[in-house]
Amino acid sequence: MKNTAPAIFAPDGIGDTKPINQAMLDWVHEIGTLTEPENIFWCDGSERENEFLIAESLKQNVLIKLNEKKVPRSYLHRSNPNDVARVERFTFICTPTKEEAGPTNNWSEPAETYSKLHGLLKGAMRGRTMFVVPYIMGPPDSPLTKVGFEITDSKYVVLSMRIMTRMGKIALERLGNDPKAEWNRGVHSLLDVDPARRFICHFPQDNTIISVGSGYGGNVLLSKKCLALRIGSYLARKQGWMAEHMLILGVESPEGKKHYVAAAFPSACGKTNFAMLIPPKHFKGWKVTTVGDDIAWMQVRDGRLYAVNPESGYFGVVPGTSYKSNPNAMKSIARDSLYTNVALTDDGDVWWEGKDGPPPAHAIDWRGNDWTPESKEKAAHPNSRFTTPMRNNPALDSDVEEGKGVPISAIIFGGRRSDTVPLVYQALDWDHGVYLGATMASETTAAAAGAVGQVRRDPMAMLPFCGYNIGDYFQHWLDIGKRLTHPPLIFNVNWFRKGAGGKFLWPGFGENMRVLKWVINRCEVNGGALQSPLGWLPGPHDLDLEELDIDHKCVAELLGIDHGEWQKEIAEHKKFFDSLGGVVPQQLLSQRDQLAARFTE
Ligand code: OXD
Ligand code: MN
C-alpha cells in the first residue's frame, strides 16, 4: 500500500502530553496495536503544535501556503480527485438490528462490520504518525456538550479539527480521569484513499465511529456529520434533546427586540449564506447575527426550545461565495483558513467560480492542472470548501458561547424546489410543522456524490444524517412538541422557485431578510397572513417588498399554490411515507389526510 501520510517526528514538548484517563489510554493502545503506527502524537491544541503541524504539512505537500499578504495564515489542500464529497453509499449505521437503523439508512451488522474494518485497519498506520485529537462539541459550560476523541493518520484532519472544534486541553480537562465518563471514540485512517475501501461506519450503541479510505471533510472530520448529527441524533433521542442539521441566527429589530431562528436546509442550499445574511439598505437598524451555520443541538428549558452550536468553525461550500452573496463569509475566509479543492492563482491567491471580479488569466485548477478561462473544466470543484474559525465572522452572535443556548422563536424548513413550493408559508401548529419537515424535498447538490438536480425527499434535511430509524425520529419530534409550552412557530421557505423562462423568481441572499421579517412579525403576532390549504401564507401586502425591484406578477407566482402541482406533491408525500414501510407515526399520516382535505374545501 502506498504511504499517503508519512510519519512526522516532533521535538520534545510537542505531541507528547498524554491524557490521564485510563479508559482513553487503553483505547488508544488498542487502536495502536491494531494499526501499528510509527509513533503516536498526542494533540493539545497549542499554537506551537499547530505551527509544527503546518510546517510538516507544507514539507509533505499536504498544504500549499497562500500569499501571506492576500490571505494571511491560510493554506490550500487538494484532496484525491476520487474523494471530493460525502459518500452516502458507503455510510453505515451499525445498530444491533436493521430496524433500529430504519429504512433510510444503510445498515450493517456491528460484529461483522467491526471485523471487516479491523481487517482494513490492521497495520494501516505503518510508517505513519497516529494523531490523537481530543475535542469538545458545544460551548464549554453547556450541559449538552460532548467529549470526543478522533484518532487519525491525516495532518489535514488535525488542522481542520482545530478550527472546527474546541480542540486539545479543554477536552482532556473535561474528560478528567473518570473511567466511566461518556465520550465518543472516532477512528479515521486514510488507508490508500481507494473508493473500494471507503467506509464511514457508526456504532451508536458504542458511541463509536470508524471512517476509512477517505480524506474529504464530511467523511473524516468525525466531530461534524458523524458525531454531532448521526451519533448525536441517537444520543439526543435517548437523552431527550435534539440534534439537527440547522443553522441558528439572531434577528434584532431597530427597537432592540431580538429573536433566534433555526433553519434546516439540505446540504449546499445556502445555510451559511442565510446564517450570515446582511439586511438590505431598506432594513436600516435590523441586525442579523450568526450562532451556527450547519448544526443545532437543542433542549427544552422552561417549555421553550434552546439551541447551541456545537461547532467552532465553518466548513462551507466555496463556489458562489462572493461579496455579493455573502460578505460576512468573504471576510471570515480572508485569513486563518484552509481551502480545499479551489484554484490557485499565479500570485498565490485562491479563486473559484462565482468569486467577485474577473477570472484570472491563468490558474492551477483543483486537480493541479493548468487552467485558463477557456478551459472546459471548472477551476474549483463544485464542492470545494473553506474551513474557517467562527471567531472570524464579523456577525458572530454575542451569545454563541452561552451554555444554556439561545431561545428559538421559529424553525424554518426549506429546500431547493424549482416549482410547487411557495416562497414562504407557516404551519398551523407544531405537529403540522413536523409534517412540513418530514415531507421536505430538495433538488440534489454536489455536497454528496451522485446525480445533481434530482428532487429527493430529505426530512428535516436529516436524510443522510439521522443515526436511527426515521419513524422514531419523527415520533421524537412529536414528543418534544408535547413538552413545549411555548413551541417555536414552524415555517417552510423556498428561495429557488423558477418562472416560466427557467429564471429564479426571488433574488435571494440579503433580500431573504424580507421573508425573515415576516417570520419575526408572525412570532410577535403582528404579521398579517391568509389561510390557505398549506397553512398561513403572506398576503401580497404582508411581505415588506419596499425598494425591491420585483413586479407583482412575480410575487403572485412566488406565493401561488397550483392545485394540480399540489395534487402531485401530496401523492409524492404518500409515496415517500409508503416507501418507509410503515414506520411513519399515525399523527403524520393524518396530517397528510388533513392537507389533502383542505384542498377540497
Ligand atoms: C455539509 C453537508 O458539509 O451538509 O455541511 O454536506
Ligand atoms: Mn451540512
Side-chain angles (χ1 to χ4, degrees), residues 77 79 83-91 104-105 137 156-157 160-161 163-165 200 202 209 211 214-233 242-249 262-276 290-297 307 309-321 326 329 332-333 337-342 380-388 390 412-416 437 440-452 456 458-467:
H77 171 75
S79 76
D83 185 31
V84 291
R86 284 185 292 100
V87 282
E88 294 175 9
R89 265 180 316 143
F90 305 135
T91 300
T104 55
N105 282 312
M137 295 303 279
Y156 168 77
V157 167
S160 303
M161 289 292 280
I163 297 174
M164 294 305 296
T165 72
I200 296 98
H202 307 72
I209 305 154
S211 168
S214 171
Y216 169 73
N219 299 326
V220 300
L221 306 180
L222 302 184
S223 57
K224 191 174 180 65
K225 301 303 182 183
C226 301
L227 171 54
L229 289 178
R230 297 195 190 98
I231 298 276
S233 60
M242 303 173 92
E244 300 299 330
H245 191 199
M246 289 180 177
L247 67 92
I248 311 159
L249 59 79
F265 301 106
S267 306
C269 285
K271 280 210 298 299
T272 305
N273 290 346
F274 194 42
M276 296 183 179
T290 318
V291 179
D293 80 325
D294 194 41
I295 297 173
W297 282 359
N309 169 15
E311 303 189 280
S312 73
Y314 309 128
F315 178 64
V317 177
V318 180
T321 305
N326 192 339
S332 305
I333 64 179
S337 298
L338 289 181
Y339 286 89
T340 305
N341 293 339
V342 297
H381 187 276
N383 193 37
S384 52
R385 296 280 178 149
F386 57 75
T387 310
T388 202
M390 69 179 179
I412 299 178
F413 294 118
R416 195 180 275 273
M440 238 172 89
S442 192
E443 288 149 25
T444 48
T445 67
V452 168
R456 80 163 178 180
D458 189 350
M460 283 82 171
M462 283 288 278
L463 184 74
F465 307 121
C466 180

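In listed order, ligands and their atoms are each counted from 1.
With rounding to the nearest 0.5 Å, the separation of CZ in Phe274 from CE in Met246 is 12.5 Å. Of the inter-residue distances, the one linking Ile200 atom CD1 with Phe90 atom CZ reads 8.5 Å to the nearest 0.5 angstrom.
In this model, no donor atom of one side chain and acceptor atom of the other lie less than 3.5 Å apart for Arg86 and Ser214. Side-chain contact annotation: Asn219 with Ser211, donor-acceptor N/O pair under 3.5 Å absent.
Of all protein heavy atoms, the one lying nearest to atom 6 (O) of ligand 1 is Arg86 NE, 2.9 Å.
The Mn ion (ligand 2) has no N, O or S atom of Lys224 under 2.8 Å away, backbone or side chain.
Contact annotation: for Phe265 versus ligand 1, there are no heavy atoms closer than 4.0 Å.
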* **Step-by-step side-chain hydrogen bond (donor to acceptor under 3.5 Å, both in side chains) determination, Tyr156 to Thr340** => CA-CA 10 Å; Tyr156 168 77; Thr340 305; 2.7 Å; yes

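The distance criterion of under 3.5 Å between nitrogen or oxygen atoms is met by Lys225 with respect to ligand 1. Below 3.5 Å of separation, one finds an N or O of Asp294 facing an N or O of ligand 1.
Close approach of ligand 1 to Phe465 is summarised as follows: ligand atoms under 4.0 Å from at least one heavy atom of the residue are 4 (O). Using a 4.0 Å cut-off to heavy atoms of His245, the atoms of ligand 1 that qualify are 4 (O). In the vicinity of Arg385, heavy-atom distances shorter than 4.0 Å reach the ligand 1 atoms 1 (C), 3 (O), 6 (O). Close approach of ligand 1 to Ser267 (heavy-atom distance below 4.0 Å) involves ligand atoms 2 (C), 4 (O), 6 (O).
No salt bridge links Lys271 with Glu244; every basic N to acidic carboxylate O contact stays at or beyond 4.0 Å. The existence of a salt bridge linking Asp458 and Arg416 is excluded, since no basic side-chain nitrogen approaches an acidic carboxylate oxygen closer than 4.0 Å.
Asp294 contributes atom OD1 as its closest N/O/S atom to the Mn ion (ligand 2).
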